[in-house]
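What follows is a short report on a single structure.
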Amino acid sequence: MVESNPPLQLSYTALTHQIPEPLERHTPQSGMEECQLPLVDLNCLKSGAEKERSACSSAISTASSEWGFFQVVNHGISPELLKNMRREQVKLFQTPFHRKATCGLLNNSYRWGTPTATCPNQFSWSEAFHIPLTKISEQACYGEFTSLREVMMEFAAAMSKLAKLLAGILAENLGHPRAVFEEICHESNCFLRLNRYPSCPISPEMFGLVPHTDSDFLTILYQDEVGGLQLMKDSKWVAVKPNPEALIVNIGDLFQAWSNDIYKSVEHKVMANGKMERYSVAYFLCPSYDSLIGSCKEPSIYREFTFGEYREQVREDVKTTGHKIGLPRFLL
């Protein structure tokens, strides 16, 4: 058995009680329909023509309702910053496993595999740092990775600005002021997640990240060109074609609940790659844990709940059933 960083194969084998035969000459997307997500040029929001601004705003809302996903270009985050973020991320994940797991980096937020998995289809072939923005500026979180801190702070600020812009547009299109999320989605409540999906020699059908919906208002994803992201569209899985010029945006559970199911939080997953590793960074727009999530109009489909209550229910469901149940738990 080839030693990996982290030891994902050992953990996976413990779930199967045997070493699976490697399956070669296959790819994770073999036979999979590939889709191009709706593409929105945010430069149109700066247009002097009201018609162009309105069309851009409408495109964001339509994609959020019909797909739950879209991609944006001319988003205001410089290519240089994105390049620097990727460079620092790769450097961080190249650290030997025992260092990542024991040295307390980034608020001791390192995670790998799926500790709660009880069978192979609950296992994620990936590793990540999931960092609250409140900790990103703390020098003590970085150890010898001093150059990572400045890049992370700049990247988080840029993503936060973009997330608030998009959330404001989505709120406005439902008849609410753009500033409606300014108070409940302060930067201090949000998260960055640095992801690495190592190459997987076991199977072309291995999850890099198990099927799930996001538990926030919205997520912005910066991914590389490797591919592997898939989403549920028209009751079937489709592979998302990587666009190196774009960031991907998806609606989370809280926005679906708040919009009374107008915007859709869509199930998605990442498939591992047999030969190439994949990197991504996700920004999660979240409220405070005591924020009450109601509906933007009546009659409401869901009962009121706090973000803290929602997160706790998700954790309990994963612990007891092996998977997230999510919004159906809160239907009236």
Step by step, work out the ring pair (Phe, Tyr, Trp, His ring centres under 6.0 Å) result for F217 and Y263.
-> CA-CA 10 Å; F217 273 106; Y263 302 140; over 10 Å; no
Is the closest side-chain donor-acceptor distance between [X] and [Y] under 3.5 Å?
| X | Y | result |
| --- | --- | --- |
| E127 | Y110 | yes |
| D261 | Y302 | yes |
| T306 | D290 | no |
| T219 | D214 | yes |
| N173 | S57 | yes |
| T118 | Q122 | yes |
| Q313 | D317 | yes |
| S291 | S288 | yes |

Donor-acceptor pair, distance only, cut-off 3.5 Å: does the side chain of [X] make one with the backbone of [Y]?
| X | Y | answer |
| --- | --- | --- |
| T213 | D253 | no |
| S199 | E277 | no |
| S78 | L81 | yes |
| S65 | S61 | yes |

Going through the checks in order, is the ring pair (Phe, Tyr, Trp, His ring centres under 6.0 Å) test met by W112 and F97?
-> CA-CA 10 Å; W112 63 279; F97 169 67; 5.3 Å; yes
Criterion side-chain contact (heavy atoms from CB on, under 4.5 Å) against F69, the qualifying member of L221, I251, L231, V249 =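 Going through L221, I251, L231, V249 one by one, the side-chain contact (heavy atoms from CB on, under 4.5 Å) with F69 is satisfied by L231 alone.
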Should we say atom CD of E80 is surrounded by more than 12 heavy atoms from elsewhere, each under 6.0 Å from it?
->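 Atom CD in E80 is not packed in, count stays at 12 or less.
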Tell me, yes or no, whether the heavy-atom count around K297 atom NZ, taken from other residues, nucleotides or ligands under 6.0 Å, exceeds 12.
->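 Check fails, neighbour count at 12 or below.
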Test E150 against N84 for side chain to side chain contact (heavy atoms under 4.5 Å, CB included), laying out the working first.
-> CA-CA 10 Å; E150 183 177 340; N84 290 342; over 6 Å; no
Looking at the rings of H268 and W237, which for Trp means the six-membered one, are their centres under 6.0 Å apart?
->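 No, the ring centres sit 6.0 Å or more apart.
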Looking at Y222, does the NZ or CZ of R86 lie under 6.0 angstrom from its six-membered ring centre and within 45 degrees of the ring axis?
->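 Pair R86/Y222 counts as cation-pi.
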Using the ring of W67 (Phe, Tyr or Trp, six-membered ring only), decide whether K233 places NZ or CZ under 6.0 Å from its centre and within 45 degrees of its axis.
->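 Judged by the rule, K233 and W67 form a cation-pi pair.
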Are K164 and E187 within salt-bridge range, i.e. N to O under 4.0 Å?
->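 Here K164 pairs with E187 in a salt bridge, since their nearest N and O are under 4.0 Å apart.
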Which side-chain N or O atoms in residues 131-144 pair as donor and acceptor under 3.5 Å with protein atoms at least two apart or in another chain?
unit_1: Y142; atom_1: OH; unit_2: I136; atom_2: O; d: 2.5
unit_1: E144; atom_1: OE1; unit_2: R99; atom_2: NH2; d: 2.9
unit_1: E144; atom_1: OE2; unit_2: R99; atom_2: NH2; d: 2.7

F330 vs Y310, ring pair (Phe, Tyr, Trp, His ring centres under 6.0 Å): CA-CA, chis, key distance, verdict = CA-CA 9 Å; F330 295 86; Y310 191 76; 5.2 Å; yes
Give the ring-plane orientation class for Y12 versus W125, where under 30° counts as parallel, over 60° as perpendicular and anything between as tilted.
->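 Perpendicular.
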